[in-house]
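Every heavy atom of this structure was used, including side-chain atoms; hydrogens, water molecules and symmetry mates were not. In what follows, chains carry the letters A, B, and so on, assigned in the order in which the sequence lines appear, proteins first and then strands, with residues in each chain numbered from 1.
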Number of protein chains: 2
Amino acid sequence: MPSITVENYVKQIYLAGQQQQPTGGQVSMGRLAAAVGVVPGTVTTMVKALVADGLVDYEPRGGVTLTRDGERLALHVLRRHRLVELLLVRVLGLDWSEVHAEAEVLEHAVSDKVLERIDALLGSPTVDPHGDPIPSAKGKVDGTRRHSLAECTVGRPLRVARVTDQDPAFLQFIDRCGLVPGAAVTVEGRDASADAVLVRPDGRRAVTLGGAAAEKVLVEG
Amino acid sequence: MPSITVENYVKQIYLAGQQQQPTGGQVSMGRLAAAVGVVPGTVTTMVKALVADGLVDYEPRGGVTLTRDGERLALHVLRRHRLVELLLVRVLGLDWSEVHAEAEVLEHAVSDKVLERIDALLGSPTVDPHGDPIPSAKGKVDGTRRHSLAECTVGRPLRVARVTDQDPAFLQFIDRCGLVPGAAVTVEGRDASADAVLVRPDGRRAVTLGGAAAEKVLVEG
DNA sequence: AATCCAACTTTGATGATTCAAAGTCTCGGC
DNA sequence: GCCGAGACTTTGAATCATCAAAGTTGGATT
Ligand SMILES: [Mn+2]
Ligand SMILES: [Mn+2]
Ligand SMILES: [Mn+2]
Ligand SMILES: [Mn+2]
């Protein structure tokens, strides 16, 4: 069985690959080092082990990409992570701002059997508390590309679909604004020079978000 | 924070100390090696690390005993183990015969915050699915000594309190007999020569248990 | 008392994962 | 075409947990 460390590397390679449109899916060693929280030299060493395990392809000074096996493992870890997050929120009543940290540990301790019980109990959900898609047991993920508040249509009624930041403080802020996944929202205006977006959650006080914050809130509709 | 390995050693020292009335609570290295599943040499090495951490006292060729800190840690791990077992049975619907193995892993991944949520959700239970007492958050355990079916009064109505074996096959057998914790039961007879106990679970077919099996079923009342 | 044995400890080695520091490559700018 | 900077790799060493095999020990057996 893959070690916790291997699971973390593979998961981070997958996540980093998702975020970057540019490169041909190749994740740089520096990016991976930052994501995993180790120095670059460690990643070089570890990636060689992942290659030996058939989980990644590695081009020296280029980067890594997941093999089919590596992606399968990554999606499995991600499924565990996200189902656990939802369990913690819905069943144990934890706040959505704190479940990510808990799930980072629990994602390595949940067996397939327990995982499918959690899935059943929650009614086979498709998204976690942050709106992140939950991979299916077979490893399929909803890959829908969504617009953020920084780029969506102005004046049209929308709905928050996903918040792509795990920082508890940010999530609590989003909560206070009423911009949680599922909330109805309208972008009332945008000021490129000021790097500001004026957002009105349905039946709430309007909020002004800077570009960086607006980019983290994805909408649908 | 203690490593998973350290948590396991300390827990096993505690459990081994509970089982053996004889020795002054000293757990032998061989017993510990068997409990943890490593060779004796590894235990000698590891125990020195535990001494350095202030978790155990060690007398070479004598054995180990937990310090106050060691016992506190052991009880904390045990609380996690047993609350997790109950969660798995009551909330996720797993069978009591399979939760021990799951809890062996999860007991190292549950934070204090999650643990207390589980405790609250389950209504601060005092025993797990096997009837094992759940240590309180402050580290108190119910230390009641119970008689087993091998030694309790004959002909008196009793109640199964605890089953002290984690083997799935044995637990499933107990389940089939109707000897689960909580079940009413009467010992109808005992044959020392045959090493056999005739047991009648309330409203069920009587079963004959060998001494070894009878010793694992503890009763109250 | 001499011996033996089982249990225990020591020793030497390995694998996994990590870091610090030194070495190397590549790409953009001159 | 040369050079430097930043990104990357290599090297050497450390930590943790483990095993195999060899060395000890304390007490039981005769
Ligand atoms: Mn998360
Ligand atoms: Mn999430
Ligand atoms: Mn158990
Ligand atoms: Mn139990």
Side-chain angles (χ1 to χ4, degrees), chain A residues 1-13 16-17 19-20 22-65 70 73-74 77 104-105 107-109, chain B residues 1-13 16-17 19-20 22-65 70 73-74 77 104-105 107-109:
Chain A
M1 292 299 91
S3 68
I4 291 175
T5 303
V6 167
E7 290 193 346
N8 279 329
Y9 274 82
V10 162
K11 185 183 68 167
Q12 293 302 341
I13 293 166
Q19 286 172 246
Q20 78 200 172
T23 327
Q26 264 195 165
V27 174
S28 74
M29 305 306 265
R31 205 156 171 354
L32 183 52
V36 175
V38 295
V39 301
T42 302
V43 169
T44 304
T45 306
M46 205 59 205
V47 159
K48 287 175 186 168
L50 296 179
V51 169
D53 287 354
L55 295 171
V56 304
D57 291 321
Y58 167 48
E59 190 193 323
R61 292 175 202 271
V64 266
T65 50
L73 177 58
V77 177
E104 281 296 312
V105 180
E107 67 187 357
H108 309 291
Chain B
M1 294 298 90
S3 69
I4 290 175
T5 303
V6 166
E7 289 193 345
N8 279 330
Y9 274 80
V10 162
K11 183 183 67 165
Q12 294 302 341
I13 293 167
Q19 287 173 244
Q20 79 202 168
T23 327
Q26 266 196 160
V27 175
S28 74
M29 306 307 265
R31 204 154 171 359
L32 184 51
V36 175
V38 296
V39 302
T42 302
V43 169
T44 304
T45 306
M46 205 59 204
V47 159
K48 287 176 185 168
L50 297 179
V51 169
D53 287 354
L55 296 171
V56 305
D57 291 321
Y58 166 49
E59 190 193 323
R61 296 179 199 266
V64 266
T65 49
L73 177 57
V77 176
E104 281 297 311
V105 181
E107 67 187 358
H108 307 292

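- Side-chain contact between A/Glu7 and A/Glu107 is absent, with no heavy atoms from C-beta onward closer than 4.5 Å.
- Nearest nucleotide to the A/Val39 side chain, out of C/dA20, C/dC8, D/dT18: C/dA20.
- Applying the 4.0 Å criterion to OP1 and OP2 of C/dA16, one finds that A/Tyr9 has every side-chain N and O outside that range.
- When each of C/dT18, C/dT26, C/dC8 is scored by its nearest atom to the side-chain atoms of A/Thr5, the top-ranked nucleotide is C/dT18.
- Taking only side-chain atoms of A/Met29, from C-beta outward, the nucleotide of D/dA17, C/dT10, D/dT9 with the closest atom is D/dT9.
- Residue A/Lys48 has no polar side-chain atom (N or O) positioned under 4.0 Å from OP1 or OP2 of D/dT9.
- In this structure, CG of A/Asp53 is placed 9 Å from P of C/dA16, rounded to the nearest angstrom.
- Taking atom CD on A/Gln12 and atom P on C/dT17, their separation rounds to 16 Å, with Å as the unit.
- For the side chain to side chain contact (heavy atoms under 4.5 Å, CB included) with B/Tyr9, the lone residue among B/Val38, B/Val56, B/Ile4 that qualifies is B/Val38.
- Rounded to an integer number of Å, the gap from A/Ile4 CD1 to C/dT17 P is 10 Å.
- Straight-line distance from the CG atom of A/Leu32 to the P atom of D/dA7: 15 Å, rounded to whole Å.
- One interatomic measurement links the two molecules: CG of B/Leu50 to P of D/dT18, which rounds to 11 Å at whole-angstrom precision.
- Side-chain contact check for A/Val27 versus A/Gln12: every heavy-atom pair is 4.5 Å or farther apart.
- Contact annotation for A/Gly41: base contact, defined as any heavy-atom pair under 4.0 Å involving a base atom.
- Inter-residue side-chain proximity for A/Thr45 and A/Thr42 is flagged as unmet; no heavy-atom pair is nearer than 4.5 Å.
- With D/dT18, D/dC8, C/dT17 as the choices, the nucleotide that has an atom nearest any side-chain atom of A/Met46 turns out to be C/dT17.
- Between B/Thr42 and D/dC19, a side-chain N or O to OP1/OP2 separation shorter than 4.0 Å is present.
- Listed pair B/Ser3 / D/dA17 meets the phosphate criterion, a side-chain N or O lying under 4.0 Å from OP1 or OP2.
- A straight line from CE of A/Met1 to P of C/dA16 spans 15 Å, rounded to a whole angstrom.
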Could you walk me through whether A/Leu50 and A/Val6 pass the side-chain contact (heavy atoms from CB on, under 4.5 Å) test, one step at a time?
-> CA-CA 7 Å; A/Leu50 296 179; A/Val6 167; 3.8 Å; yes

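- If you measure from atom CD of B/Glu7 to atom P of D/dC16, you get 16 Å, rounded to the nearest angstrom.
- For A/Arg61 and D/dA5, the CZ to C1' distance is 13 Å, given to the nearest whole Å.
- For B/Thr45, whose side chain is taken as the heavy atoms from C-beta onward, the closest listed nucleotide among D/dT24, C/dT18, D/dT18 is D/dT18.
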